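One structure is given here, and the rest of the page talks about it.
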Amino acid sequence: MSAINAFLLRHGLRIASNPCVSPDFCLDWPALAARLRAGEAIPAHPRSRFETAAGAWTLLEDAASGDCTWRLDAQADGPSERLLEDGLAGGPRLAFFPATFANLLRLKNLVQEHNPASTIFPTAAESLGRSTLGIGARFTTLHWPAVEWAMSRLGIGVTANQNSIPRELVYDVDAMLEGRLDTVPFPFIGSSVPEGHQGQSVEGMSHGCVLSKLKTGFHKRGIPWSFNADHQPIGGKFDAREDALVAGCILASYITFDLSPELAQTPAPADPAAWVAARVDPALVASVKRRVAAAGLTIAEAEFARLLAHVWPALEKMKRRDEKYRAARAKRFTTACGREFLRELSIDELPGLTAPETTAVMLALCESLGMKIHFAAPAFGFQKNMPYPDNAALRALIARQWAVCEKFGASIGFHSGSGKSAENYRVMGEVTGRRLEIKTSGRYTYEMGRALFASKNGADQALWREWHRFTLELALLGSFSADATESKMARTFVVDALDKEGRSADVFASPAACRAALEALPPSPEHMFWFEYNFLYVLAAGGRPEKAALGDHTQAGYAQRARFYAISEEGRLHFARNVAGYILFLAENTGLAPAAACAAARGQLDAYRSLGQMLADI
Ligand SMILES: [Zn+2]
């Protein structure tokens, strides 16, 4: 048994109440296999059925534990139980297999060899490389059905699974168990938090999002969808573990390259022109210059050399990493459709607004290095969850970038895309002719808060109040911290919340005064301090508002995470509706789906009285 499965079983952390931590969707195969051998019927997901050359497959799930098994009704006699690992013969043409990650990878080949157009697994289908919405999956199994519903209503595929690795997802469960996870600095809390702060592993997410498509029957609609391994860090301190990053992201059909770790540590040479002449192939330099000029841009010779010297080490590493993603897929997967992946070049982490010339040079370099870029993400000065204040300025800013991206056949990726205004999204859609991706992730933690806030269930309400209290305590702690950034940010959040509630924001004379003012507020998901700190609650040991308790990958952190997966049916319905409603809003305003289709879907969404009704329409 793997170390992670042993750890989870030892602490009673089962998939049903804590999904996507292990790469496997069956933690205890010996126990499940024994029940199958004894002739016990494990309930099937009736809509999950699909075919491969070997026969018909169905997903079975033990509701109490969440452990899953594949049932194969074979076409022909023979040892079908050897088709995947750890098979169990159930009869002449019947076999069962544990839903392990290794078996999922094998199944992908069997599925795609049989039907290259299958939409059970994420793919890099052409439409997904042009226009999409990036839907961060903060609450995994609670979240995917809502995305499947929205895709099925609108008939469009999106980036239906996405999160940053290793920042939000655990990139390697063994590294987690061995205490080798790194930390991520969060200046706004004046501290660092262990990476993987949402608790799920990248493989567990990859596995769960596929099973979700089968459980809801979404795969029968034939709508391709993608899985984006977001913000894959290139270079810097990440060199040492790039093979583990590549291995973990094997099922991702879309990779976002984030060059900032390498760029941050690249020294500027004293003589950039001489540096470039000594290190970069002159033919490549010439072709980049030609492409940039053909895109209608001119860059002074000295500026070009300075830029090239700055980015070249990062690009060499990006090329090396890209080759590793390609090789891993070529080794594991047998079909062309199973090996393809989309690429995004993220440059919005660089300081300041991205100049169109920079975008052009970067895209020309990637092109010359044989890396087709589907999405480029320049910086537009977006703040997470804040509308862009000036639509005319936004239109001009995007138009300058689009003029470049269009020439390179790349769409624009809008990072920090949550919480913009309808008009902002319309501008993004219009200027790019819908060749775009809006990335949204933190939004869905907010939607969980709104769902619990609106729920009449007592346990949901208790969780909501404790969640709000947790952020209130962090805001208080931060407001009076000796760390200047931390206290400045915390006070901004506090003032915003008090302003919105029409209260005096003159509260920083003492911690007691500040506490009294905040405690007098009725808890609301619109409080900025709740919005900013909320994601830290999911894996906070004991739900404690202490920095040492954050991002806790022991039993205590996962026991906290389980509380979200134990919310009521009503809470789940609210959450699913909120997620789906936000996708409709994005699709309508960007123009990805016709307004009439979005309006019809919204009407349906409002009418659901149970989650079962909603899922039945997928
Ligand atoms: Zn980015």
Side-chain angles (χ1 to χ4, degrees), residues 129 132-138 158-159 161-169 171 184-188 195 197-198 202 226-238 245 249 252 254-264 266 310-311 314-315 317-318 321-322 325 341-356 358-359 361-363 365-366 371 373-386 388 394 397-398 401-402 404-405 408 410-420 424-425 428 432 435-444 535 586:
T132 185
L133 300 170
I135 314 295
R138 289 267 175 99
V158 300
T159 312
N161 194 41
Q162 167 197 293
N163 268 136
S164 297
I165 307 149
R167 187 184 175 93
E168 293 174 298
L169 305 184
Y171 80 103
V184 180
F186 283 100
F188 78 98
E195 58 185 22
H197 59 64
Q198 293 303 291
V202 56
S226 64
F227 162 24
N228 174 223
D230 204 0
H231 284 122
Q232 287 287 280
I234 303 298
K237 67 177 180 177
F238 295 94
L245 287 171
C249 296
Y254 171 11
I255 304 286
T256 295
F257 294 86
D258 174 356
L259 307 184
S260 56
E262 184 67 17
L263 293 178
T266 306
H310 181 52
V311 301
L315 274 156
K317 288 192 175 180
M318 176 182 169
R321 177 77 67 81
D322 187 66
Y325 291 123
F341 61 97
L342 305 169
R343 293 185 196 85
E344 177 176 51
L345 181 65
S346 181
I347 43 180
D348 70 319
E349 292 78 13
L350 306 182
L353 296 181
T354 313
T358 305
T359 306
V361 170
M362 296 303 283
L363 287 174
L365 279 164
C366 289
M371 293 183 285
I373 299 297
H374 298 85
F375 296 93
F380 294 104
F382 285 172
Q383 304 285 333
K384 280 193 167 83
N385 212 45
M386 298 281 260
Y388 196 84
L394 181 62
L397 213 52
I398 298 172
Q401 292 291 338
W402 175 239
V404 175
C405 291
F408 288 90
S411 297
I412 294 188
F414 291 94
H415 291 193
S416 300
S418 289
K420 302 292 167 280
N424 289 163
Y425 292 126
M428 297 176 203
T432 60
R435 292 279 310 260
L436 54 71
E437 175 174 47
I438 314 282
K439 283 208 166 164
T440 56
S441 179
R443 176 77 194 193
Y444 305 108
F535 69 100
L586 292 173

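We count ligands from 1, going down the list as the structure has it; atoms in each ligand are counted the same way. Please read all numbers here as calculations on a predicted model, not as lab measurements.
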Pair Phe186 and Phe535, ring centroids less than 6.0 Å apart: yes

Metal check, the Zn ion (ligand 1) vs Asp348 N/O/S, cut-off below 2.8 Å: yes

Closest approach to the Zn ion (ligand 1) by His415, given as the N, O or S atom name: ND1

Flag, side chain of Thr132 to backbone of Thr159, donor-acceptor distance under 3.5 Å: yes

Test item: Leu315 and Phe257 side chains (from C-beta on) under 4.5 Å apart, heavy atoms: no

Donor-acceptor under 3.5 Å (Glu262 side chain, Gly236 main chain): yes

Heteroatom N/O/S of Ser416 within less than 2.8 Å of the Zn ion (ligand 1): no

